[in-house]
Amino acid sequence: MTRIVYCNCSFARVLAPEVKNRVLEGLAASGQAFDAVPDLCEMSARKDPALVQIAQGDVTIAACYPRAVRWLFSAAGAPLDPQRANILNMRSDSAESVLASLYGGAQ
């Protein structure tokens, strides 16, 4: 089963609040388990061991630009396997697009 990780981007604040809030609401309404993290940038900066756990399996990450997310994991010593990680971009895509990628249809 693919793990879903949602980044709230609490410190950098580069995501539009309406997009990240709508994605979070859609995740919560789905009934599917997901992990919400405060900020992947901050986790990477302190080399949080949770990033290693996230990177070990199949994962879909709703966060920022895919290249930035991959860099954050690599900088923390937890590189993502491109075959096992799917990164959804809440910075440039709509909430509906992100939710459709997660669930095959808007929530």
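For the single chain, residues carry numbers from 1 onward in sequence order. Nothing here was measured: the structure is a model prediction, and the numbers come from that model.
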Quick one: does [X]'s side chain have a donor or acceptor within less than 3.5 Å of a partner on [Y]'s backbone?
| X | Y | answer |
| --- | --- | --- |
| S74 | W71 | no |
| Y65 | S92 | no |
| S101 | S97 | yes |
| K47 | A75 | yes |
| S10 | P38 | yes |

>> Considering only residues two or more places apart or on different chains, which pairs with a residue in residues 72-87 satisfy salt bridge (charged side-chain N to carboxylate O under 4.0 Å, His left out)?
In response: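 Every pair satisfying salt bridge (charged side-chain N to carboxylate O under 4.0 Å, His left out) with a residue in residues 72-87: D58-R84.
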>> Per the salt bridge (charged side-chain N to carboxylate O under 4.0 Å, His left out) rule, what does the pair list look like for residues 24-35, sequence neighbours excluded?
In response: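 Residue pairs passing salt bridge (charged side-chain N to carboxylate O under 4.0 Å, His left out), neighbours aside: R3-D35.
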Shared hydrophobic cluster, [X] / [Y] (ILVMFWY, side-chain heavy atoms < 4.5 Å):
| X | Y | answer |
| --- | --- | --- |
| L72 | V59 | yes |
| L88 | V5 | no |
| I61 | L51 | yes |
| F11 | F73 | no |
| V98 | F34 | yes |

Working to the nearest 0.5 angstrom, can you tell me the gap between [X] [atom1] and [Y] [atom2]?
| X | Y | atom1 | atom2 | result |
| --- | --- | --- | --- | --- |
| N8 | M90 | CG | CE | 7.5 Å |
| Y103 | T60 | OH | OG1 | 9.5 Å |
| L40 | C64 | CG | SG | 9.5 Å |

Where is the tightest heavy-atom contact between [X] and [Y], given as atom of each residue plus distance?
| X | Y | result |
| --- | --- | --- |
| D39 | C7 | CA-SG, 3.8 Å |
| V69 | A63 | CG2-CB, 3.8 Å |
| N21 | Y6 | N-OH, 4.3 Å |

> Do I87 and L80 pass the side chain to side chain contact (heavy atoms under 4.5 Å, CB included) test, and can you show the C-alpha distance, the side-chain angles, and the key distance before you say yes or no?
Replying inline: CA-CA 10 Å; I87 302 167; L80 292 167; 4.0 Å; yes
